[in-house]
Participant: 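One structure, pasted below without further comment.
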Protein chains: 2
Amino acid sequence: MPKRTRQKEAILRVLKSTTSHPTADWIYSDVRKEIPNISLGTVYRNLKLLWQSGEISEMDFSGTFSRFDGNPDNHYHFRCERCGRVFDVDEPVNKETDDRVAQKTGFKIFYHRLEFRGLCRECQESREVRTK
Amino acid sequence: MPKRTRQKEAILRVLKSTTSHPTADWIYSDVRKEIPNISLGTVYRNLKLLWQSGEISEMDFSGTFSRFDGNPDNHYHFRCERCGRVFDVDEPVNKETDDRVAQKTGFKIFYHRLEFRGLCRECQESREVRTK
DNA sequence: CATTTATTAGTAATAGTTATCGTTACTTGT
DNA sequence: ACAAGTAACGATAACTATTACTAATAAATG
């Protein structure tokens, strides 16, 4: 059973108080204002714990390494959360949404990335807790 | 002016001959069957060159570090390709597409990630070549 | 064929993240 | 309230993906 600690609460509070999608390092230096001797490892550990319990979400999916695609045209992907494999999804790219969002926000939008997440056919039998 | 080298051609050939979205390391070991003493740095350098010339695309966007989001509910993001900042996008999440793709593919789909890419308002003035 | 210069192999360095480990402090049961 | 059990801590080392550096090599050009 997880424990509620000062460090975890501070990290969660920092994360809930901003919309800037901070990096682990940014969170680290912000929390240090309150807990000056907190360790960077503690920040990473708690971010993972908070993510596992569903209290936060992580972007820049799938961690450490890049994957490359011989097809340079914009298309969509499916990623299996269990085995990590990536598949192409044959679904037409919807450009109208780009225009509508650009209109609403004032951003100039070149394209978008869409990735579906779930379990591939092979992995659907034996579901497990998500680990990373 | 870029040169066509045996290494670059081999890397491109490997990448065009698979749909498995390989990692740099996987590409490295596959190309080594043909050029045993190729360097891993060469693979990375050429992947970047091929990406810059638009011949391939890269996934797992934006490189090295993760960003975290205090809001665990599924929502969309916009990422500025110049300054790297990430903004929330207030757009309803479309669950029907998940169902349609699941039907077509046999995957079990939990959710999807959608990220728009372009230039934020501040960066729209001085556009530049994309560097990474 | 000689010159120019991008690219190479090899290796060292960097950066983000994770693992380890002895110590601390939250939680639970008595 | 106190003791026991154990999750979490801080500090640091290790790991992994990627990039930078350098002298040597090999495409391209005229």
Side-chain angles (χ1 to χ4, degrees), chain A residues 1-15 21-53 55-69 79 84 86 129-132, chain B residues 1-15 21-53 55-69 79 84 86 129-132:
Chain A
M1 62 289 324
K3 288 174 183 170
R4 287 167 49 257
T5 66
R6 201 158 74 88
Q7 290 83 347
K8 187 184 293 175
E9 312 253 284
I11 289 164
L12 188 57
R13 192 170 346 102
V14 165
L15 212 36
H21 308 85
T23 63
D25 208 64
W26 188 93
I27 295 166
Y28 174 54
S29 52
D30 203 62
V31 172
R32 269 219 279 192
K33 293 172 190 161
E34 185 183 333
I35 309 174
N37 68 329
I38 192 173
S39 165
L40 181 57
T42 299
V43 173
Y44 275 107
R45 194 173 343 99
N46 277 301
L47 286 171
K48 178 175 268 186
L49 289 171
L50 289 166
W51 174 74
Q52 284 175 330
S53 67
E55 296 180 80
I56 66 172
S57 59
E58 185 179 3
M59 313 180 47
D60 281 345
F61 336 140
S62 87
T64 49
F65 46 76
S66 284
R67 287 170 169 274
F68 297 88
D69 194 328
R79 186 188 303 260
V86 177
V129 176
R130 69 178 186 180
T131 52
K132 168 64 194 178
Chain B
M1 61 295 315
K3 287 174 183 170
R4 289 169 43 255
T5 68
R6 202 157 73 89
Q7 291 82 345
K8 187 184 293 177
E9 311 251 285
I11 289 165
L12 189 56
R13 192 168 347 103
V14 165
L15 211 37
H21 307 86
T23 63
D25 208 64
W26 189 93
I27 296 167
Y28 174 54
S29 52
D30 202 62
V31 173
R32 269 218 278 191
K33 294 172 190 161
E34 184 183 334
I35 309 172
N37 67 329
I38 193 173
S39 164
L40 181 57
T42 299
V43 173
Y44 274 106
R45 193 174 345 96
N46 277 301
L47 286 171
K48 178 175 265 183
L49 290 170
L50 289 167
W51 173 74
Q52 284 174 331
S53 66
E55 296 180 79
I56 65 171
S57 59
E58 186 179 2
M59 313 178 48
D60 284 344
F61 335 140
S62 88
T64 48
F65 45 75
S66 284
R67 287 169 169 276
F68 297 87
D69 192 328
R79 187 189 303 260
V86 176
V129 176
R130 71 178 184 180
T131 51
K132 167 63 193 176

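Values below: all heavy atoms of this structure, side chains included; hydrogens, waters and symmetry mates excluded. Throughout, protein chains are lettered first and strands after them, A, B, ... in sequence-line order, and every chain is numbered starting at 1. All values derive from a computational prediction rather than experimental measurement.
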Participant: Under 4.0 Å between a side-chain N or O of A:Arg45 and OP1 or OP2 of D:dA8?
Facilitator: no
Participant: So for B:Lys48 and D:dT19, does any side-chain atom that can act as donor or acceptor lie under 3.5 Å from a complementary atom in the base?
Facilitator: no
Participant: Using the side chain to side chain donor-acceptor pair (under 3.5 Å) definition, which of the options A:Arg6, A:Arg13, A:Gln7 pairs with A:Glu34?
Facilitator: A:Arg13
Participant: At what distance, to the nearest 0.5 angstrom, does CD1 of B:Ile56 lie from CG of B:Leu50?
Facilitator: 5.0 Å
Participant: Could you pick out which residue, A:Val43 or A:Phe68, lies toward the 5' side of DNA chain D when each is mapped onto its nearest nucleotide?
Facilitator: A:Val43
Participant: Take A:Arg4 and B:Ile35, find for each the nucleotide of DNA chain C with the closest heavy atom, and name the residue whose nucleotide sits nearer the 5' end.
Facilitator: B:Ile35
Participant: Only one of A:Val14, A:Leu47, A:Val43 passes side-chain contact (heavy atoms from CB on, under 4.5 Å) with B:Phe68; say which it is.
Facilitator: A:Leu47
Participant: Once you round it to whole Å, what is the distance between P of D:dC21 and CG of B:Leu40?
Facilitator: 17 Å
Participant: A:Met1 CE to D:dT6 P: how many Å, rounded?
Facilitator: 9 Å
Participant: Of all the nucleotides listed (C:dT27, D:dG10, C:dG16), which has the minimum atom distance to the side chain of A:Ile38?
Facilitator: D:dG10
Participant: Between A:Glu9 (CD) and C:dT27 (P), how many Å, whole number?
Facilitator: 9 Å
Participant: In whole angstrom, give the distance that lies between atom CZ of B:Arg6 and atom P of D:dA28.
Facilitator: 14 Å
Participant: Could you tell me whether the phosphate oxygens of C:dA25, OP1 or OP2, come under 4.0 Å of any side-chain nitrogen or oxygen in A:Lys3?
Facilitator: no
Participant: How many whole angstroms separate atom CD of B:Gln7 from atom P of D:dA26?
Facilitator: 9 Å
Participant: Measure the distance from CG on A:Leu50 to P on D:dA8 and round it to the nearest whole Å.
Facilitator: 10 Å
Participant: Establish, with yes or no, whether the OP1 or OP2 oxygen of C:dT8 is under 4.0 angstrom from a side-chain nitrogen or oxygen of B:Asn46.
Facilitator: yes
Participant: Please figure out whether B:Tyr44 or B:Pro2 has its closest DNA chain D nucleotide nearer the 5' end.
Facilitator: B:Tyr44
Participant: Given side chain to side chain contact (heavy atoms under 4.5 Å, CB included), test A:Ile27 with A:Thr23 step by step and report yes or no.
Facilitator: CA-CA 6 Å; A:Ile27 295 166; A:Thr23 63; over 6 Å; no
Participant: How long is the line joining CD of A:Glu34 and C1' of D:dG10, in whole Å?
Facilitator: 17 Å
Participant: Looking at A:Thr5, I'd like to know whether one of its side-chain N or O atoms comes within less than 4.0 Å of OP1 or OP2 on D:dC9.
Facilitator: yes
Participant: Round to the nearest Å and state the distance from B:Ile11 atom CD1 to C:dA9 atom C1'.
Facilitator: 13 Å
Participant: Between C:dT8, D:dG10, D:dC9, which nucleotide gets closest to the side-chain atoms of A:Ser39?
Facilitator: D:dG10
Participant: Tell me what A:Asp25 touches on the nucleic acid: a base, only sugar-phosphate, or nothing, going by heavy atoms under 4.0 Å.
Facilitator: nothing
Participant: Can you tell me how far OG1 of B:Thr5 sits from CD1 of B:Ile38, rounded to the nearest 0.5 angstrom?
Facilitator: 8.0 Å
